[in-house]
Amino acid sequence: LIYIFFLISSQCFAGVKYNFAPVDHQFDSIAQALLIKEFTSAPTPDASQALADMERIASRTNNPQLRARLVFCQTRLGQLQANPQEAIKTLNKAKTLTQEDFDYDRAFINYQLAGNHQRLGNYFTSYQLLQQAIPVFAKYGDDYSLGNSYLLLALVYHNIGEYDSALEATAKARKHYSEARFPLNRVYFMEGLIVHDPPKETALYKLSLAEGVHEPAMSIQAILNLADIYISTNKPDSATLFLRNAET
């Protein structure tokens, strides 16, 4: 498998930067390619091969930092299907392998840990982990990861009924996604969850759909949420019509 090699420390592609401190040029080039595919929502049919190549390099070099990066790359790529309890164990293992001066690696692990703790309802733990990750992402000017972190923080606030704080966090997510030139469909979707006002929810979910062609799973959820709003506001015909149009 042939990869394009990037200038690891400074290369910026479509608003996303690879901020991991260089350890092995080949390993980090593969990892950067995967990050760019995530940012652009490009399909990753070769992800398993990429991970196999990264594992081979980490094994050959016997470098603990590469082993840590391999672990959280594996966890991140399999996140949607992962058991959050198992993911937390795996990510904590990666953290023990991470050297203290690799602060960006630790922040990335903390962000992923925060997401898995949120899925388990461990909201305070998730909040604490995000408070550790956010200053590091800010230090590196990583607007994409800051956008992700503030959006997850908004979800945590939403989970505990702190809706004003949740909207403040989405405003920060919007700012950083805009700086990274990343679509705002995730922000609109989150705001739709938070506002608890049918007309506003409807407008926000429609905005999410308009910008969300690159993330079909979120668009499908936005469609279902819109249908629920129409049904709850006694507009079943609108719900049916909307779902039929969405199928096309």
Side-chain angles (χ1 to χ4, degrees), residues 1 3 6 8 13-24 26-58 63-98 102-120 122 125-126 129-130 132-134 136-137 140 142-153 155-156 173 176-177 180 182 186 214-218:
L1 185 63
Y3 296 92
F6 301 91
I8 298 299
F13 181 89
V16 63
K17 294 163 105 178
Y18 188 83
N19 294 299
F20 295 95
V23 175
D24 179 276
Q26 185 181 16
F27 182 103
D28 287 316
S29 292
I30 299 170
Q32 184 179 15
L34 290 174
L35 178 62
I36 290 170
K37 285 187 176 185
E38 175 190 328
F39 182 86
T40 58
S41 297
T44 56
D46 56 348
S48 59
Q49 181 61 57
L51 290 173
D53 289 347
M54 293 164 76
E55 186 170 9
R56 175 179 52 78
I57 296 166
N63 184 299
Q65 197 58 50
L66 292 188
R67 295 204 305 273
R69 287 182 186 175
L70 172 66
V71 167
F72 63 72
C73 282
Q74 290 170 328
T75 304
R76 187 167 183 81
L77 284 173
Q79 184 60 64
L80 292 179
Q81 297 80 32
N83 177 303
Q85 291 176 322
E86 292 302 315
I88 288 168
K89 290 179 184 177
T90 303
L91 290 165
N92 279 327
K93 174 185 175 184
K95 190 183 274 193
T96 63
L97 293 170
T98 299
F102 283 80
D103 57 345
Y104 186 83
D105 290 64
R106 300 181 76 84
F108 211 84
I109 293 170
N110 283 335
Y111 165 73
Q112 290 183 250
L113 281 168
N116 282 284
H117 277 289
Q118 185 278 329
R119 292 172 66 193
L120 290 173
N122 300 330
T125 301
S126 183
L129 288 161
L130 288 170
Q132 294 175 50
I134 286 171
V136 180
F137 292 145
Y140 288 90
D142 185 352
D143 285 300
Y144 175 56
S145 293
L146 283 167
N148 288 338
S149 297
Y150 279 116
L151 205 65
L152 179 55
L153 184 61
L155 181 58
V156 170
H176 288 292
Y177 278 150
F182 189 76
R186 298 178 184 178
H214 60 297
E215 290 188 302
M218 181 167 285

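These figures come from a predicted structure and were not determined experimentally.
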Side chain proximity check, [X] to [Y], heavy atoms < 4.5 angstrom:
X: Val23; Y: Phe102; answer: yes
X: Asp103; Y: Tyr140; answer: yes
X: Arg186; Y: Asn148; answer: yes
X: Leu120; Y: Ile88; answer: yes
X: Leu151; Y: Tyr177; answer: yes
X: Leu97; Y: Gln65; answer: no

Give a yes-or-no answer on whether the side chains of [X] and [Y] include a donor-acceptor pair shorter than 3.5 Å.
X: Gln49; Y: Asp53; answer: yes
X: Ser145; Y: Asp142; answer: yes
X: Asp28; Y: Tyr18; answer: yes

Problem - Check: Ser126 side chain, Asn122 main-chain N or O, donor-acceptor pair, under 3.5 Å - result: no
Specify the closest pair of heavy atoms between [X] and [Y], including all atoms of both residues, with the distance to one decimal.
X: Ala94; Y: Ala68; answer: O-CB, 3.5 Å
X: Arg106; Y: Thr98; answer: NH1-O, 3.1 Å
X: Pro84; Y: Arg119; answer: CD-NH2, 3.9 Å
X: Tyr111; Y: Ala133; answer: N-CB, 4.2 Å
X: Ala58; Y: Leu70; answer: CB-CD2, 4.5 Å
X: Tyr144; Y: Ala180; answer: N-CB, 3.8 Å

[X] side, atom [atom1]; [Y] side, atom [atom2] - distance, nearest 0.5 Å:
X: Leu152; Y: His117; atom1: CG; atom2: NE2; answer: 11.5 Å
X: Ile109; Y: Arg69; atom1: CD1; atom2: CZ; answer: 9.5 Å
X: Lys95; Y: Leu113; atom1: NZ; atom2: CG; answer: 5.5 Å
X: Asp24; Y: Ile30; atom1: CG; atom2: CD1; answer: 8.5 Å
X: Asp143; Y: His176; atom1: CG; atom2: NE2; answer: 6.0 Å

Problem - From CA spacing to verdict: side chain to side chain contact (heavy atoms under 4.5 Å, CB included), Asn116, Leu91 - result: CA-CA 10 Å; Asn116 282 284; Leu91 290 165; 3.7 Å; yes
Problem - Aromatic plane relationship, Phe137 with Tyr104 - under 30° parallel, 30 to 60° tilted, over 60° perpendicular - result: perpendicular
Practice task
Determine the interplanar angle of the Phe108 and Phe72 rings, folded into 0 to 90°, and report it as parallel if under 30°, tilted if 30 to 60°, perpendicular if over 60°.
Solution key: tilted
Practice task
For the pair Asn110 and Leu130, evaluate side chain to side chain contact (heavy atoms under 4.5 Å, CB included) and give the outcome as yes or no after the intermediate values.
Solution key: CA-CA 7 Å; Asn110 283 335; Leu130 288 170; over 6 Å; no
Practice task
May I ask you to decide whether Arg67 forms a salt bridge with Glu55, counting only side-chain N to carboxylate O separations under 4.0 Å?
Solution key: no
Handout entry: For Lys93, salt bridge (charged side-chain N to carboxylate O under 4.0 Å, His left out) partners two or more places apart
Key = none
Exercise for the section: Go through the steps for Gln26 and Met54 under the test side chain to side chain contact (heavy atoms under 4.5 Å, CB included), then give the verdict. Expected result: CA-CA 8 Å; Gln26 185 181 16; Met54 293 164 76; over 6 Å; no
